[in-house]
Peer 1: 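The structure under discussion is supplied below as structure tokens; questions concerning it will follow.
Owing to the predicted nature of the structure, the values given are computational and were not obtained by experimental measurement. Here is the naming used below: chain letters follow the sequence lines, and residue numbers restart at 1 for every chain.
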Amino acid sequence: MTHTILPRAFYDQSTLDLAKALLGKLLVHETSEGICSGYIVETEAYRGPDDQAAHSYNNLRTKRTEVMFGENGHCYAHVMHTHCLINVVSGGVDRPEGVLIRALEPVDGIDLMYKRREKAKREKDLTSGPGKLTKALNITKADYGKSFFQPPLYIAEGKEVSQISMGPRIGIDNSGEAKDYPWRFWETGNPYVSR
DNA sequence: TGTTCGATGTCCT
DNA sequence: GGACATCGAACAC
């Protein structure tokens with residue numbers, strides 16, 4: 001199994017374009033237990049300084065958001081309730097934007113994903129949510145700041161996506177008018193989308 | 001040092 | 001459709 005890892009330069013595009021471009025790409029994590037991967041089928045864009053729903057709204061720079069002020073293509077991992085969520089950093093240095101990866105279509109290491117996600121009954125339950133996919137691939141806060149263009153954690157060429165749908169983002173009801181921005185993207189009709 | 005609150009998932013009705 | 005578990009980060013003292 002050889003994958004073509006997307007180069008560093010792939011991440012040098014606008015955050016909205018990147019959110020769409022990431023659909024169909026393959027997210028891979030190699031661990032001592034084995035390799036797990038899945039096609040990205042759902043993303044959300046968070047546009048830093050001017051986006052009330054973003055953690056980096058108003059250029060808020062803290063220990064948590066620090067990595068978003070750095071280089072594109074790195075990993076912004078943070079803990080939400082008891083789960084870990086991951087973003088791909090974009091926007092360029094000193095512009096804190098990112099793309100949240102919300103759902104995957106499982107490809108490799110499906111048995112291992114079941115083992116890590118005991119509560120999942122069907123394949124559809126393995127990675128159909130931002131907290132689910134990190135558990136299935138064993139991505140944690142320890143991956144904060146790593147890049148997505150070199151093993152063991154990387155994004156590679158995947159499949160063609162026939163049609164993309166867009167709509168409001170999920171779970172940000174307290175974000176003023178930003179809650180209505182149509183910055184969530186998913187592959188139309190894909191059963192692994194979170195909702 | 002204490003309090004508050006989520007970019008969620010799961011179970012229950 | 002609703003309750004709740006449970007953790008770290010942010011912020012107020």
Peer 1: Would Thr65(A) and Ser56(A) satisfy side-chain hydrogen bond (donor to acceptor under 3.5 Å, both in side chains), going step by step from the backbone distance to the final call?
Peer 2: CA-CA 6 Å; Thr65(A) 61; Ser56(A) 52; over 6 Å; no
Peer 1: Check the side chains of Glu97(A) and Ser90(A) for a donor-acceptor pair under 3.5 angstrom, ignoring hydrogens and angles.
Peer 2: no
Peer 1: May I have the distance from Lys179(A) (atom NZ) to dG6(B) (atom P), rounded to whole angstrom?
Peer 2: 15 Å
Peer 1: For residues Leu126(A) and Leu27(A): do they belong to one hydrophobic cluster (side chain heavy atoms under 4.5 Å, members Ile, Leu, Val, Met, Phe, Trp, Tyr)?
Peer 2: yes
Peer 1: Now, which nucleotide makes the Watson-Crick or G-U wobble pair with dT6(C), with each of the two distances under 3.5 Å?
Peer 2: none
Peer 1: Whole-Å distance between dT10(B) C1' and Arg195(A) CZ?
Peer 2: 13 Å
Peer 1: Would you mind telling me which of dT8(B), dT10(B), dG6(B) lies closest to the side-chain atoms of Asn174(A)?
Peer 2: dG6(B)
Peer 1: Starting at atom NZ of Lys132(A), determine the distance to atom C1' of dT8(B), rounded to an integer number of angstrom.
Peer 2: 9 Å
Peer 1: Closer to the 5' end of DNA chain B via nearest nucleotide, is it Arg117(A) or His55(A)?
Peer 2: His55(A)
Peer 1: Flag the pair Tyr76(A) / His74(A) as yes when their ring centroid distance falls below 6.0 Å, and as no otherwise.
Peer 2: no
Peer 1: Round to the nearest Å and state the distance from Leu126(A) atom CG to dT10(B) atom C1'.
Peer 2: 15 Å
Peer 1: Taking Val107(A) as the starting point, is it possible to reach Leu153(A) by hopping between hydrophobic residues whose side chains are less than 4.5 Å apart?
Peer 2: yes
Peer 1: Given atom CD of Gln52(A) and atom P of dA7(B), what is their separation to the nearest angstrom?
Peer 2: 12 Å
Peer 1: Using only heavy-atom distances, determine whether the side chains of Thr15(A) and Arg47(A) contain a donor-acceptor pair under 3.5 Å.
Peer 2: no
Peer 1: Give the rounded distance in Å between these two atoms: OH of Tyr57(A) and P of dA7(B).
Peer 2: 15 Å
Peer 1: For Lys135(A) and dG9(B), give me the distance from atom NZ to atom P, rounded to whole Å.
Peer 2: 11 Å
Peer 1: Examine the side chains of Glu187(A) and Tyr192(A) and answer whether a donor and an acceptor come within less than 3.5 Å of each other.
Peer 2: no
Peer 1: Figure out the NE2/C1' separation between His78(A) and dG6(B), and round it to whole Å.
Peer 2: 9 Å
Peer 1: If you look at every strand shown and take non-hydrogen atoms under 4.0 Å, does Ile172(A) touch a base, only sugar-phosphate, or nothing?
Peer 2: sugar-phosphate
Peer 1: If a protein heavy atom is under 4.0 Å from the base, mark B; if only from the sugar-phosphate, S; if neither, -; do that for nucleotides 3-13 of chain C going 5' to 3'.
Peer 2: --BBB-SSS--
